[in-house]
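Predicted, not measured: the structure shown is a model, and the values here were computed from it. Below, chain A is the first sequence line, B the second, and so on; all start at residue 1.
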Amino acid sequence: MEAQLAREAIAAALADAGLAPPPRGIDLRPIPFEGSWGVASSVCHAIAGDLVQRELEASGELQQLSKKEAKQRASEAARKRAQELAEAIATKVKSTNGFARVEAVNGYVNLYFDANAVASRLIGEVIKLGPDFGKGAPKTERVMVEHSQPNTHKVFHVGHLRNSCLGIAVSNILAAAGYPVLQATYPGDIGMHVIKCLWCYERFHKGQEPADPSLRGRWLGQIYSESDARLEYRKDVLSFLHLLSKEDQGFVAGIDRLLKYLWRKNEQGEVVEGEDIAYLLGRITHGQEIKEDQLRRDDVIVKFWPIVGDYLRDAALNPKPHVPAEGEPEPTMTPEERYARWQELNEHIEWWPEVPRWREEVRETFQRWERQEPEFVKLWQETREWSLADFRRIFDELGAHFDVWFFESEVEEEGKKIVAELLEKGIAEISDGLPVVKIDEKLGLKQETYRTLPILRSDGTSLYSTKDLALTKRKFEEFGIDRAIWVVDVRQSLYFQQIFKILELWGFEQAKKSYHLGYEIVRLPEGVISSRKGNVPIYDDVRDMVLARAREIIEEKNPDLPPETKERVARQVGLGSLKFAMLARDNNKVVVFDVEEALSFDGFAAPYIQYAHARACRILEHAGITPGQAIAHDDQQPALDFGEVLAPEELSLLQHIAILPDEVQRAAEYYRPLQIVNYVYELARRFNDFYHACPVLQSPEPTRTARLALVDATRIVLANSLALLGIAAPEEM
RNA sequence: GCGCCUGUAGCUCAGGGGAUAGAGCGUUGGGUUGCGGACCCAAAGGCCGCAGGUUCGAAUCCUGCCAGGCGUACCA
């Protein structure tokens with residue numbers, strides 16, 4: 001509102017001075033000096049630059065100078081001219097308009113507000129709108145945000161947590177910006193992971209499920225991990241040997257001695273083929289990968305393994321100082337870690353010969369699914385429900401509310417029909433027996449960009465892409481979505497570009513506006529990470545730790561709260577911190593999840609903001625007013641009066657409150673919750689500054705009323721911003 | 001090879017054309033006969049990866065290079 005006035009005033013002054021506004025229009029920004037409130041424009045810089053350049057060229061005095069000197073001359077002249085222009089414009093604006101003060105500083109035209117008047121209007125608006133302050137005008141474009149795609153039969157870990165937190169926040173922000181938003185979840189309830197899990201369950205754990213139903217989902221996740229460990233066992237062993245061959249010179253130096261030992265055993269009557277030994281020797285000496293199918297006998301590695309262990313135990317007990325060799329990377333594991341890893345693998349060395357048979361069994365299990373064998377389908381339904389019950393609990397805890405639940409199992413058949421249609425239309429083709437879309441070719445691109453995407457396995461079973469094509473079609477046709485957004489790991493960005501292009505080729509205009517919101521992984525800090533893959537913290541464990549720590553801190557800081565309040569606050573603070581940690585880093589940056597840091601609750605963290613909110617509530621309570629009501633401020637009441645001069649802390653807080661609506665629009669435009677995270681943290685900081693510098697309750701009237709109203713407005717804006725992030729705003733803590 | 005992402009304080013990160021580049025953690029030293037000390041103040045700490053270019057003005061935009069990460073036809 002004030003900005004509009006300022007822009008018009010400057011435009012009028014420019015016209016009056018016979019100057020044309022610059023092509024980019026009249027820019028406005030907040031005045032960056034402490035203790036002032038208003039807007040600044042750099043129009044004079046832009047105009048002066050042009051004028052000076054033209055004049056200097058016309059005069060020809062630049063010709064003898066070097067390019068660098070000429071630039072410097074022009075730059076200096078432009079700065080001087082900008083200030084002259086700004087002074088002229090400032091004088092004109094002053095004589096025609098009602099700003100408190102108009103000045104020319106450093107070539108900028110600065111228009112200072114009448115702080116009391118603008119503060120009154122702003123605070124009145126915040127209090128009147130309450131939870132709606134910050135929201136944008138309703139828009140018609142229908143948006144669907146698909147997020148939270150955990151796999152059933154697997155555990156929900158902190159990576160999924162980041163996805164859900166992002167999805168929730170982005171949905172909230174888009175809704176606040178004015179879009180009609182549908183939130184969708186898409187659990188992976190079928191696929192190879194399910195088959196592997198159920199194979200392992202039937203083969204090794206049937207009838208062992210925990211009695212407590214609430215533990216079944218997690219138990220099932222452990223079964224999946226076990227299946228993975230069993231089926232990948234050979235790869236794990238071989239990649240460990242590969243690592244040794246690259247990083248442990250002692251191992252490589254001694255390899256022929258170690259293998260000779262194996263050979264000698266052979267002479268004692270055990271049968272080991274010399275070819276395998278020669279192969280191992282060659283591969284390890286040259287630091288090359290050992291290929292499982294190049295080994296002739298199943299027992300070579302099994303027999304070799306104890307000898308490797310002997311060597312590693314010795315190396316761990318008598319560590320030799322590491323001499324870094326030229327051009328060699330630092331070793332990723334210490335001798336102790338290597339031996340520990342060996343022991344870990346050694347525990348299951350009897351798995352080695354079993355692996356091929358297991359793989360065959362998994363293939364057979366997959367066929368049972370493809371045939372829809374009733375008994376197997378029943379098992380699937382039952383176990384799937386164990387996981388889904390877990391997901392519902394977690395989503396509830398995180399405050400995720402889904403308008404739609406899609407399931408991969410629902411779109412499998414539909415996807416296969418679509419593949420047939422795409423083949424028929426000539427968009428897809430069969431290449432080497434595999435249905436694919438050669439995207440670059442279809443788009444007529446010469447340079448490889450989108451490459452080729454398979455859309456069905458050659459055996460006719462469905463891929464992720466098969467299902468995604470079907471699902472997206474449903475989003476557009478059944479749900480009338482104009483813009484679809486996917487919150488999915490950034491590693492899949494090429495895949496999504498491919499899907500979008502295929503949808504475009506297929507004729508869906510909406511695909512052009514669709515967007516893959518990629519985010520980086522959640523990792524453990526260096527040193528904590530174990531070589532065991534998939535070792536990401538489990539959500540439930542992290543949640544329990546954070547809640548326990550929150551309870552501890554509340555007990556320490558505020559022992560007099562009633563027990564049920566303590567518990568409620570612990571959840572608000574604990575879960576709030578967790579969510580904050582997930583959102584407080586840009587999407588394309590890896591979150592290094594340090595449990596200690598997540599538990600500290602200090603500094604740039606949710607409790608800092610929540611604490612500011614609780615403080616604001618407490619001040620209002622002391623004043624004997626119900627938040628948001630008693631100070632209800634409207635046009636009929638007299639304007640707030642902060643006094644002749646507002647404190648810098650008051651101004652700083654007011655200015656920040658004023659920009660929430662813009663921040664929401666910006667956050668929505670770039671799908672960036674971080675925008676709001678930064679905003680609300682800064683708001684809390686400014687409120688704390690204000691709190692320490694400006695007494696509220698002890699102040700004389702009319703300042704007291706004005707400051708109370710400011711506290712109430714701050715309280716509302718803190719709560720609204722936290723709500724966008726899905727973080728609770730406790731009234732006490 | 002090609003493509004995408006990242007490089008800012010000791011560490012973790014904000015800032016994405018505009019006036020003096022900011023936070024948190026860590027280090028050092030302070031603050032409560034104040035509305036909640038989960039707070040605040042101060043000090044120290046920067047060739048904003050390198051080199052060009054565009055601009056009145058570049059950490060920010062463009063080009064090239066260097067370094068790291070990730071993708072790249074039957075995993076999801």
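- Rounded to whole Å, the separation between the P atoms of B:rU8 and B:rG3 comes to 24 Å.
- Nucleotides B:rC40 and B:rG45, compared at atom P, are 23 Å apart to the nearest Å.
- Between A:Arg81 and A:Glu55, at least one side-chain nitrogen of the basic residue sits less than 4.0 Å from a carboxylate oxygen of the acidic one, meeting the salt-bridge criterion.
- Taking the C1' atom of each, B:rC25 and B:rA44 are spaced 15 Å apart, rounded to whole Å.
- Of the candidates B:rG15, B:rC74, B:rG3, the closest approach to any side-chain atom of A:Leu434 belongs to B:rC74.
- Stacking of A:Phe601 onto the six-membered ring of B:rA38 is not present when judged by under 5.5 angstrom between centres and under 30° between planes.
- Within the 4.0 Å cut-off from OP1 or OP2 of B:rA14, not a single side-chain nitrogen or oxygen of A:Asn678 is found.
- Counting any heavy atom pair closer than 4.0 Å across all strands shown, A:Ile455 reaches no nucleic acid atom.
- Closest to the A:Gln698 side chain, of the nucleotides B:rA73, B:rG34, B:rG36, is B:rG34.
- OP1 or OP2 of B:rG37 sits under 4.0 Å from a side-chain N or O of A:Arg615.
- The OG atom of A:Ser577 sits 8.0 Å away from the CD1 atom of A:Ile727 when rounded to the nearest 0.5 Å.
- Among the nucleotides B:rA76, B:rG71, B:rG1, the one closest to any side-chain atom of A:Leu494 is B:rG71.
- As judged by a 4.0 angstrom heavy-atom cut-off over every strand, A:Val590 is placed among residues touching the sugar-phosphate backbone only.
- Across all strands, A:His622 comes closer than 4.0 Å only to sugar-phosphate atoms, never to a base (heavy-atom distances).
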Nucleotide N/O to protein N/O under 3.5 Å, stretch nucleotides 54-65 of chain B:
unit_1	atom_1	unit_2	atom_2	d
B:rU54	OP1	A:Lys67	NZ	3.2
B:rU55	O4	A:Lys71	NZ	3.2
B:rC56	O2'	A:Ser75	OG	3.4

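- OP1 or OP2 of B:rU6 has at least one side-chain nitrogen or oxygen of A:Asn588 nearer than 4.0 Å.
- Each of B:rA19, B:rC35, B:rC40 was ranked by its minimum atom distance to the side chain of A:Asp689; first place goes to B:rC40.
- Spacing of C1' atoms, B:rG46 relative to B:rC65, comes out at 23 Å, to the nearest Å.
- With the 3.5 Å cutoff on both pairing distances, Watson-Crick and G-U pairs in RNA chain B assemble into runs of at least 3 at B:1-7 with B:66-72, B:10-13 with B:22-25, B:27-31 with B:39-43, B:49-53 with B:61-65.
- Nearest to the side-chain atoms of A:Arg491 among the listed nucleotides B:rG36, B:rC70, B:rC13 stands B:rC70.
- A salt bridge does not link A:Arg666 to A:Glu663: none of the charged nitrogens lies less than 4.0 Å from a carboxylate oxygen.
- With both ends at atom C1', the span from B:rG68 to B:rU28 equals 34 Å, rounded to whole Å.
- If you find the closest nucleotide of RNA chain B to A:Arg585 and to A:Ser431, the one lying nearer the 5' end belongs to A:Arg585.
- Note on A:Cys694: a base of the nucleic acid sits closer than 4.0 angstrom, heavy atoms only.
- With B:rU72, B:rA76, B:rC40 as the choices, the nucleotide that has an atom nearest any side-chain atom of A:Leu463 turns out to be B:rA76.
- The A:Asp586 side chain lies nearest to B:rG15 when the options are B:rA19, B:rG15, B:rG7.
- Using a 4.0 Å cut-off between a side-chain N of Lys or Arg and a carboxylate O of Asp or Glu, A:Lys416 and A:Glu370 qualify as a salt bridge.
- Ranking B:rC35, B:rC39, B:rA23 by closeness to the A:Tyr691 side chain, first place goes to B:rC35.
- Distance from the side chain of A:Arg685 is smallest to B:rC40 among B:rC40, B:rG15, B:rA19.
- Open room surrounds CD on A:Glu34; 12 or fewer heavy atoms of other groups in view lie less than 6.0 Å from it.
- Side-chain N/O atoms of A:Glu448 and base N/O atoms of B:rG1 include a donor-acceptor pair closer than 3.5 Å.
- Anti is the glycosidic conformation of B:rG10, whose angle departs from 0 by more than 90°.
- Classification of A:Asp712 and A:Arg715 as a salt-bridged pair holds, one side-chain N sitting under 4.0 Å from a carboxylate O.
- A:Asp459 and A:Thr461 share a donor-acceptor pair across their side chains, judged by distance under 3.5 Å alone.
- Using a 4.0 Å cut-off, no side-chain N or O of A:Tyr611 falls inside it from OP1 or OP2 of B:rC35.
- In this structure, A:Lys566 pairs ionically with A:Glu555, as a charged nitrogen and a carboxylate oxygen lie closer than 4.0 Å.
- When the ring pair (Phe, Tyr, Trp, His ring centres under 6.0 Å) test is applied to A:Tyr519, no partner is found at least two apart in sequence or on another chain.
- Using a 4.0 Å cut-off, some side-chain N or O of A:Lys557 falls inside it from OP1 or OP2 of B:rA38.
- For the P atom pair drawn from B:rG30 and B:rG36, the interatomic distance equals 27 Å after rounding to whole Å.
- Between A:Glu232 and A:Lys235 there is a salt bridge, since a side-chain N of the basic residue sits under 4.0 Å from a carboxylate O of the acidic one.
- Comparing B:rA21 with B:rG49, their P atoms are spaced 15 Å from each other, to the whole Å.
- At B:rA38, none of the side-chain N or O atoms of A:Arg618 fall inside 4.0 Å of OP1 or OP2 (strictly under the cut-off).
- Of the candidate nucleotides B:rG7, B:rC74, B:rG24, B:rG24 has the atom lying nearest to any side-chain atom of A:Tyr681.
- B:rG22 and B:rC66 are spaced 34 Å apart, taking the P atom of each and rounding to whole Å.
- Residues A:Glu520 and A:Asn587 bring no donor and acceptor atom of their side chains to less than 3.5 Å of each other.
- Residue A:Gln610 has no polar side-chain atom (N or O) positioned under 4.0 Å from OP1 or OP2 of B:rA38.
- Ionic pairing of A:Lys442 and A:Glu429 is present here: one or more N-O contacts between side-chain nitrogen and carboxylate oxygen are shorter than 4.0 angstrom.
- Contact annotation: A:Arg457 side-chain N/O to B:rC75 OP1/OP2 distance is under 4.0 Å.
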